[in-house]
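Reviewing the structure listed below.
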2 protein chains.
Amino acid sequence: MPRAAATKTPTRIQRQKTRAILDAALDVFSQHGFRGATLDQIADAAGLSKPNLLYYFESKEAIHRTLLNRLLDTWLDPLRQLDPDGEPLREIRAYMLRKLEMSRDYPRESRLFANEMLQGAPRISDEINGQLKALVDEKAKVIRGWMQAGRLAVADPYHLIFSIWATTQHYADFEVQVRGILGAAEDGHFHDAAQFLTQLYTSGLTPPEGRTGGPS
Amino acid sequence: MPRAAATKTPTRIQRQKTRAILDAALDVFSQHGFRGATLDQIADAAGLSKPNLLYYFESKEAIHRTLLNRLLDTWLDPLRQLDPDGEPLREIRAYMLRKLEMSRDYPRESRLFANEMLQGAPRISDEINGQLKALVDEKAKVIRGWMQAGRLAVADPYHLIFSIWATTQHYADFEVQVRGILGAAEDGHFHDAAQFLTQLYTSGLTPPEGRTGGPS
DNA sequence: AGTCGCTTTGACCAATTGGTAAAAACCACG
DNA sequence: CGTGGTTTTTACCAATTGGTCAAAGCGACT
């Protein structure tokens, strides 16, 4: 029984079922939050009986914890890729677009995260005050460096990052609202969003006049 | 018994208790969502017994419905105030600031709304496709008018509105995250946010060159 | 074919959940 | 100070919830 910390080699069935469970759980948790989700719902969605589900995961919380842990890694990746040696404006825009793509490709993950935040991040606050804060601090420093070098309009780098998070995740988290107002679109309006946000951040961050640092 | 549609004059006690219940319910629902909230939690927070609570409201859903109805009204107010006859850039900025103030002063309402969206808006989709859409359509047309008159940089007005919603509500909905990264501040960093967003939208929406419409 | 370990099931539990019924307590008003 | 309506409590309920347990089923390998 895999219930006590991975027994050596996970069987093919084990990997397969675990994946099905996590996928189903992502559906349910991202929609209803931790408290609002039930094991029966998850088991149903995964095509298993509840006891069978609990054969693969110790508890409801264990499933949720697993999801959150996996999430944070991929979630922070776009920011990690922000290159201190790149061209500032291009880097910011590319970061924003990567986040937007994440919202498009992983909306459930975005909503899972949002749900956790709304609840006061009871099971993820450590990571927020740890990993996440550290990474944001680091990148904020990079951005501030660019600004001080005159290669980017001066603005608070933290709030800049927040605004990128907010605007991009909005299309996943508030998808229903967007669809309600703009109607259903094949790509969920991500193309238009990308264009709008590119423009907003381009004109919002282009430095006023002469470039200090760049080549010619 | 007030349980069957308001009996004429609501007693002082009735008004008082109903308010306490709604306030407590706002706390609980905004944190845990509809499914995740329990009547016991709400009753506790309101300082009542569960049966006593159910003396004032028919059901859990009735409480939630009441909250959502009241919410939508105040929620759309900032947008309603957007004045077609005002100075475009000032109007947009003022709207953004009003929304930001709402996030600061009514964070629970913001989270209640967010929770409902995350769940797919099962009990509010009518209003979204009705009232909300109508208002947004109307104001988007106003904004597009400003853009076509050269009084505002050209951009998709819908996505502009979405970005304002996203950036401002972020400070309420993701408050834990903001606090985790920036530390606790008296005003929850709303001053800095206001400054950043003002700058972003000002430079992002200022029309490129000659003003067409305005007085000299 | 047998068997050993992995997987699944059915029956079950205690706690919690939304909600009810009726009696008791309270309160304003004549 | 009593009385009629309002408010609150006590005692319940059936359904759902997260979770357990032992028995049954299954599958790969000898």
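Keep in mind that this is a model prediction, so the values were computed, not measured. Note on naming: letters A, B, ... go to the chains in the order of the sequence lines (proteins, then strands), and numbering restarts at 1 for each one. Values below: all heavy atoms of this structure, side chains included; hydrogens, waters and symmetry mates excluded.
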Here the distance between atom P of D:dG18 and atom CZ of A:Phe57, to the nearest Å, is 16 Å
What class does the angle between the rings of B:Phe29 and B:Phe34 fall in, given that below 30° is parallel, 30 to 60° is tilted and above 60° is perpendicular?
-> parallel
Evaluate the ring planes of A:His159 and A:Phe162, with Trp represented by its six-membered ring, and classify them as parallel (under 30°), tilted (30 to 60°) or perpendicular (over 60°).
-> perpendicular
Residue A:Tyr55, side-chain heavy atoms: nucleotide from C:dA21, D:dG18, C:dC6 that is nearest | C:dC6
Examine C:dT9: is either OP1 or OP2 under 4.0 Å from a nitrogen or oxygen in the side chain of A:Ser49? Give yes or no.
-> yes
Of all the choices, D:dT10, C:dG10, D:dG18, which nucleotide is nearest to the side chain of A:Lys50 once you look at every atom?
-> D:dG18
Side chain of B:Arg35 - closest among C:dT8, D:dA11, D:dT17 | D:dT17
Rounded to whole Å, the CG-C1' distance (B:Leu39 to C:dG18) equals 6 Å
Among C:dT17, D:dT9, D:dT17, the one nearest any side-chain atom of B:Asn52 is D:dT9
Any side-chain N or O of B:Gln14 less than 4.0 Å from the OP1 or OP2 oxygen of D:dT7?
-> yes
Specify the separation, in whole Å, of atom CG of A:Leu53 and atom P of C:dG10.
-> 16 Å
Nearest whole angstrom, please: distance from the P of D:dT16 to the CG of A:Asp40.
-> 10 Å
Among D:dT9, D:dG18, C:dG18, which nucleotide sits nearest the side chain of B:Lys60?
-> C:dG18
Does B:Asp137 pair with B:Lys141 as a salt bridge, N-O distance under 4.0 Å?
-> no
Are A:His189 and A:Tyr171 close enough that their ring centres sit under 6.0 Å apart?
-> no
Out of C:dT20, D:dG18, C:dT7, which has the shortest distance to the side chain of B:Leu54?
-> C:dT20
Ignoring backbone atoms, test whether B:Lys17 places a side-chain nitrogen or oxygen under 4.0 Å from the OP1 or OP2 oxygen of D:dT6.
-> no
Given D:dT7, C:dA21, D:dG19, which nucleotide is nearest the side-chain atoms of B:Tyr56?
-> D:dT7
May I ask you to check whether B:Asp192 and A:Tyr158 show a side-chain donor-acceptor distance below 3.5 Å?
-> no
So which nucleotide from C:dT20, D:dT20, D:dT17 ends up closest to the side chain of A:Thr38?
-> D:dT17
Take atom CG of A:Leu48 and atom P of C:dC6, then tell me their distance rounded to the nearest Å.
-> 18 Å
